[in-house]
Amino acid sequence: MRMPKSVIDKRYEEKHKAERKARHLVWGTSVDREYAEEINEFLKKRKLTKVELIAAGYQALQNQYGPKKNE
């Protein structure tokens, strides 16, 4: 008898949890639903990812504020 996919997925996730946590950081944050839907629609129309949004925003802030003096 074959194991259900949910069991296989859970085993995989448990086995690779530490590796995934070491490589990725999740920011637990929230945005007003209406604003988030507006952002999602913008990204969808332009075929952009949220990662691209974050990277572009970070770059824009670096340009706006300039490098730190001790960098």
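Everything numeric in this text was worked out from a predicted model, so none of it was measured. If you read the sequence from its start, that first residue is 1, and numbering goes on from there.
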Kindly check if the number of other-residue, nucleotide or ligand heavy atoms within 6.0 Å of CD (Gln64) is above 12? yes

For this session: Taking atom CZ of Arg20 as the centre, report whether more than 12 heavy atoms of other residues, nucleotides or ligands fall under 6.0 Å from it.
Result: yes

If I take atom [atom1] from residue [X] and atom [atom2] from residue [Y], how far apart are they, to the nearest 0.5 angstrom?
X     : Y     : atom1 : atom2 : result
Ile39 : Lys50 : CD1   : NZ    : 9.0 Å
Asp32 : Glu37 : CG    : CD    : 9.0 Å
Glu41 : Arg46 : CD    : CZ    : 9.5 Å

Residue set satisfying side-chain hydrogen bond (donor to acceptor under 3.5 Å, both in side chains) with Glu52, at least two apart, ordered chain then number -> Thr49

Same cluster for Leu48 and Tyr35 if Ile/Leu/Val/Met/Phe/Trp/Tyr side chains link at under 4.5 Å? yes

| said: I'd like to know if Val26 and Ile54 are part of one continuous hydrophobic network [Ile/Leu/Val/Met/Phe/Trp/Tyr, side-chain heavy atoms within less than 4.5 Å]. | reply: no

### Query
Do Leu53 and Leu43 have side-chain heavy atoms sitting under 4.5 Å apart?
yes

Note, Lys15 side chain near Arg11 side chain (heavy atom, < 4.5 Å): no

- Counting N and O atoms only, with roles assigned by atom type, does the side chain of His16 sit under 3.5 Å from a partner on the main chain of Tyr12, one being a donor and the other an acceptor? yes

- Item | Residues Glu13, Lys17: salt bridge by 4.0 Å N-O rule | no

